[in-house]
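Residue numbers count from 1 along this sequence.
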Amino acid sequence: MAAENYGRPVFNDAELLRKGAYIDGEWVETAPESFEVTNPANGEVIATLPEQPVSEVERAIDVAHAAFKTFKNTAPRERARWLRNMYNLMLENIDDLAKIIAWENGKAMSDATGEVRYAASYYEWYAEEAPRMYGTTIQPGNPTNRVITMRQPVGVCGIICPWNFPSAMITRKAAAALAAGCTVVIKPDSSTPLSALALAYLMEKAGFPKGVFNVVLSHTRTPEFGLRLCESPKVKKITFTGSTAVGKILMKQSASTLKKLSLELGGNAPLIVFADADMDQAVEQAIASKFRGLGQTCVCCNRLYVHSSIIDEFAERIAAEVRKFVVGNGLDPKNTHGCLINGKAVAKVEHHKQDAVSRGAKVVIEGGLLPELGPNFYAPVVLSHVPHDAVVAKEETFGPLCPIFSFDTIEEVVGYANDSEFGLASYVFSKNIDTVYTVAEALESGMVSANTGLFSDCSIPFGGVKESGFGREGSLYGIEDYTVIKTLNIGSLPPRI
Ligand SMILES: NC(=O)c1ccc[n+]([C@@H]2O[C@H](COP(=O)([O-])OP(=O)(O)OC[C@H]3O[C@@H](n4cnc5c(N)ncnc54)[C@H](O)[C@@H]3O)[C@@H](O)[C@H]2O)c1
Ligand SMILES: O=CCCC(=O)O
């Protein structure tokens, strides 16, 4: 095997690296303008892609709208076969797809490989769900009437995704949409579009008809692309993963056409460790939750609340694990953690750290900037006895800062946990089922994970409450978000025999 070059990875199938947008089954490689995709680990340009004019989004919408007319009538079993093909193709190409993610996003290869498996699992799951879109029969008030409900695909879906899971945030939406019989127009983040394009290349191989899966590209015109998708009467649903601020913009813009919406937005996950928790388990799982993707996932714990009787031991045990991390270029498999996405992300972590320290937090691991590795590298920080008025108690850091707060009573810690406008994920560690259950019921969040820091799976309903958004992705519920219920009322039937 050729030696790895950590500037440019070696791919088994170089065709996965595409140079253009994908509309109506054709690659669109030219446009009057272009934008560059860079490797966040070293700033090298890894691709130059067309900066598409807004007219191309309109064309993609028209194409998806035309394709919907036939795709909606394909047999669910046929859609299931294409989805299953896609699952198989992703796993056949797992090394290449992981390298693309690590290259454009900066995450470690272990995380990137996990992401490909996770992303592919949505195709497998929805291959199984496609034939199971059940309706109901109802006896209404009038005894001569019968009611049947059927689930029908909502129509063209606009999919807008972030950079932190360049593959999985797309597949979690697209697999469910396609299973239901919808067609899609995808706008990936301009920092990480190569994974989306690799998926389009595989969709073609999987056998999906032309026009069903479209990917449009833009860096500078992203807000205009979003506006067109939201305002087009041909687009029936917008599904977005990203920040709460952008989610609110999309919701406002979608009002004129009253679109169906799914919004997977920001989080500020609390992780609570009670005195009776299994310490080994709590430490291991808190590490897994906090530092997945170097802290850049919406479900990473952002605030760790640890009982005052064990906080010092817990902080030392966390620090001992963090000292084992090897931070470096994500493409080098010996590195456990990669870099942050950009300078803005680095600045936010640094701000949260400085703010907490200036308010009296105890520094357990100093961490901080790693200029010798590159401007986007940041060594993990561990702070304990963080004051409850620190900025990090309120804002999502989205980076490798592990702030540990102290609490004494169950009521007090539930109060801290719920004192947030966000409500995506929460974690509770205790060996007492009464504590776990009581706290889980009281936490204001869409997902509660007990005694484990990793819960994401295609089988679970993923989504938030409060300003973390609405809609559920994955699971049996995920497909519902891409359907509408039609009621058929059959009247004037003869009396029952
Ligand atoms: N709830 C979830 O499932 C989930 C998952 C991943 C990330 N997130 C959240 O996403 C945030 C981090 O991602 P981010 O910084 O890329 O978020 P972001 O909202 O800035 O960007 C998300 C996507 O929206 C695009 N975008 C930005 N402005 C737009 C506009 N006006 N119209 C249309 N598209 C627009 C961006 O280009 C990007 O592709 C965090 O808050 C994180 O918690 C949530
Ligand atoms: O970043 C958000 C998604 C994370 C996940 O699906 O586990």
Side-chain angles (χ1 to χ4, degrees), residues 40-41 98 101-102 104-122 161-169 171-172 192 195 241-242 264 266-271 273 281-304 318 321-322 324-328 330-331 333 335-341 345-346 348-349 352 365 367 376-382 392 396-404 422 424-429 445-458 460 462 464 468 473-474:
I101 293 173
E104 64 180 353
N105 167 285
K107 68 173 75 171
M109 272 303 278
S110 51
D111 269 333
T113 308
E115 178 179 348
V116 180
R117 255 194 212 99
Y118 180 45
S121 73
Y122 285 100
C161 285
W163 47 266
N164 69 334
F165 284 85
S167 186
M169 293 304 98
T171 65
R172 187 154 79 187
T192 57
S195 295
T241 293
E264 298 280 354
N268 183 3
L271 182 147
V273 184
Q281 186 178 66
V283 168
E284 181 192 86
Q285 296 300 312
I287 289 278
S289 166
K290 176 65 252 183
F291 294 104
R292 179 175 170 224
L294 207 64
Q296 300 175 106
T297 91
C298 56
V299 293
C300 282
C301 55
N302 196 57
R303 309 170 275 159
L304 290 81
I318 288 280
E321 293 306 312
V322 169
K324 296 178 192 164
F325 290 0
V326 187
V327 177
L331 285 163
N335 294 328
T336 58
H337 294 79
C339 62
L340 291 168
I341 190 72
V346 172
K348 191 169 190 193
V349 185
H352 282 191
I365 291 195
N376 296 333
F377 283 92
Y378 196 95
V381 178
V382 180
V392 68
E396 184 185 32
T397 307
F398 229 58
L401 168 63
C402 182
I404 306 172
F422 299 110
L424 190 60
S426 305
Y427 302 84
V428 51
F429 287 80
S445 73
M447 299 170 286
V448 181
S449 181
N451 295 326
T452 176
L454 296 176
F455 64 86
S456 298
D457 191 273
C458 58
I460 68 150
F462 193 104
S468 291
E473 296 188 327

Are the side chain of [X] and the backbone N or O of [Y] linked by a donor-acceptor pair below 3.5 Å?
X: N105; Y: P166; value: no
X: D111; Y: G293; value: yes
X: K107; Y: N164; value: yes
X: Q296; Y: I341; value: yes
X: S289; Y: C301; value: yes
X: E321; Y: I287; value: no
X: T241; Y: P162; value: no

For [X] versus [Y], what's the shortest heavy-atom pair and its separation?
X: R303; Y: V392; answer: CG-O, 3.8 Å
X: T452; Y: Q285; answer: OG1-OE1, 3.2 Å
X: A286; Y: I318; answer: CB-CD1, 4.0 Å
X: Y122; Y: T171; answer: CB-O, 3.7 Å
X: C298; Y: F398; answer: N-CE1, 3.6 Å
X: V349; Y: G399; answer: CG2-CA, 3.8 Å

Is the shortest heavy-atom distance from the side chain of [X] to the side chain of [Y] under 4.5 Å?
X: V273; Y: L304; result: no
X: V428; Y: S449; result: no
X: P400; Y: H337; result: no

For the [atom1] atom of [X] and the [atom2] atom of [Y], what is their distance to the nearest 0.5 Å?
X: C300; Y: N268; atom1: SG; atom2: CG; answer: 12.0 Å
X: Q281; Y: F429; atom1: CD; atom2: CZ; answer: 6.5 Å
X: L401; Y: L294; atom1: CG; atom2: CG; answer: 11.0 Å
X: S121; Y: R172; atom1: OG; atom2: CZ; answer: 10.0 Å
X: I101; Y: L331; atom1: CD1; atom2: CG; answer: 11.0 Å

| said: Please tell me whether N302 and T397 have a donor and an acceptor in their side chains that are separated by less than 3.5 angstrom. | reply: yes

| said: Quick one about S445 and S426 (side-chain donor to acceptor, distance below 3.5 Å, no hydrogens or angles considered), yes or no? | reply: yes

| request: May I have the step-by-step check of side chain to side chain contact (heavy atoms under 4.5 Å, CB included) for I365 and V381, ending in yes or no? | output: CA-CA 5 Å; I365 291 195; V381 178; 5.9 Å; no

| task | Decide, yes or no, whether a salt bridge links K348 with E396 under the criterion of side-chain N to carboxylate O below 4.0 Å. | result | no

| said: Students often mix this up, so state it plainly: with edges at 30° and 60°, are the rings of F165 and Y118 parallel, tilted or perpendicular? | reply: perpendicular

| request: Please assess V448 against Y427 for the test side chain to side chain contact (heavy atoms under 4.5 Å, CB included), listing each intermediate value before the final yes or no. | output: CA-CA 6 Å; V448 181; Y427 302 84; over 6 Å; no

| request: Show your reasoning for whether side chain to side chain contact (heavy atoms under 4.5 Å, CB included) applies to F377 and L340. | output: CA-CA 6 Å; F377 283 92; L340 291 168; over 6 Å; no

| query | side chain to side chain contact (heavy atoms under 4.5 Å, CB included) between R292 and S456: does it pass, once the steps are laid out? | reply | CA-CA 12 Å; R292 179 175 170 224; S456 298; 3.7 Å; yes

